[in-house]
Structures are given as C-alpha cells and as structure tokens.
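What follows is a set of notes on a single structure, which appears directly below.
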Amino acid sequence: MRAPNRVTGLALRDGKVLLIHRFRNANDFWVFPGDAVEDGDDPDRTIRRLMQLATGLRLTSSLRLF
C-alpha cells in the first residue's frame, strides 16, 4: 500500500503561526491545515482550497512548495 501524497499549509502573519484545534478520541491537539492530494490534483490548488475550507481564509501571498 502506497502512502498518499499530502500537503500541509504553514500560514505566518505578524510573527504568528496559524494552527487548527482538533479533537479525536477524547484528545485534543493542534495541527497545521492539510490533507491528502487526490490523484491528478495540483498541490498548489489543493492547499489553497484546504486552507480556505479549514479556516475561512484565502491565501493572498506567494506559496512555496517543498
């Protein structure tokens, strides 16, 4: 079984980092927004869509893919 391709967003503003508060199995934790990239989808478009869905924010500055 092959591991899925994933994207993770790191949003910085005024020296602050954007994290999402998640709850699973009676535990809570903080994560960077992100998810799997579907086959044939563009990673840049995927992370922009995921950031907007998870936070309601639109990315307006440049994006760097690593």
Side-chain angles (χ1 to χ4, degrees):
M1 177 188 230
R2 127 189 149 151
N5 292 324
R6 298 186 60 81
V7 290
T8 301
L10 176 62
L12 302 171
R13 185 173 185 180
D14 299 329
K16 296 178 183 176
V17 176
L18 175 70
L19 296 172
I20 297 174
H21 197 191
R22 297 280 190 207
F23 301 91
R24 184 177 299 156
N25 301 327
N27 295 310
D28 67 316
F29 50 97
W30 295 89
V31 298
F32 296 112
D35 205 345
V37 178
E38 295 179 15
D39 287 338
D41 205 357
D42 177 53
D44 178 75
R45 187 173 50 231
T46 299
I47 193 58
R48 288 179 186 278
R49 179 177 47 80
L50 290 170
M51 291 286 280
Q52 186 171 5
L53 286 171
T55 68
L57 302 174
R58 278 202 177 157
L59 299 179
T60 57
S61 60
S62 63
L63 193 64
R64 293 183 187 156
L65 299 176
F66 297 96

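- With sequence neighbours excluded, the residues forming a salt bridge (Lys or Arg N to Asp or Glu O under 4.0 Å) with Arg49 are Asp41, listed by chain and number.
- Rounded to the nearest 0.5 angstrom, Thr46 OG1 and Arg6 CZ are separated by 11.5 Å.
- The list of ring-ring contact (aromatic ring centres under 6.0 Å, His included) pairs with a residue in residues 18-59, not counting sequence neighbours, reads His21-Phe23, His21-Trp30.
- Taking CG from Asp35 and OG1 from Thr8, the interatomic distance works out to 9.0 Å, rounded to the nearest 0.5 Å.
- The same ILVMFWY cluster, assembled from side-chain heavy atoms under 4.5 Å apart, contains both Leu19 and Leu10.
- Residue Pro33 comes nearest to Thr55 through the heavy atom pair CG-CG2, 4.5 Å, listed as atom of the first residue, atom of the second, then distance.
- Annotation: the span from Arg48 atom CZ to Leu53 atom CG amounts to 14.0 Å, rounded to 0.5 Å.
- Considering every non-hydrogen atom in both Leu50 and Gly34, the closest pair reads CD1-C, 4.1 Å.
- For the atom pair CG of Leu18 and CG of Leu12, the computed distance is 9.5 Å after rounding to the nearest 0.5 Å.
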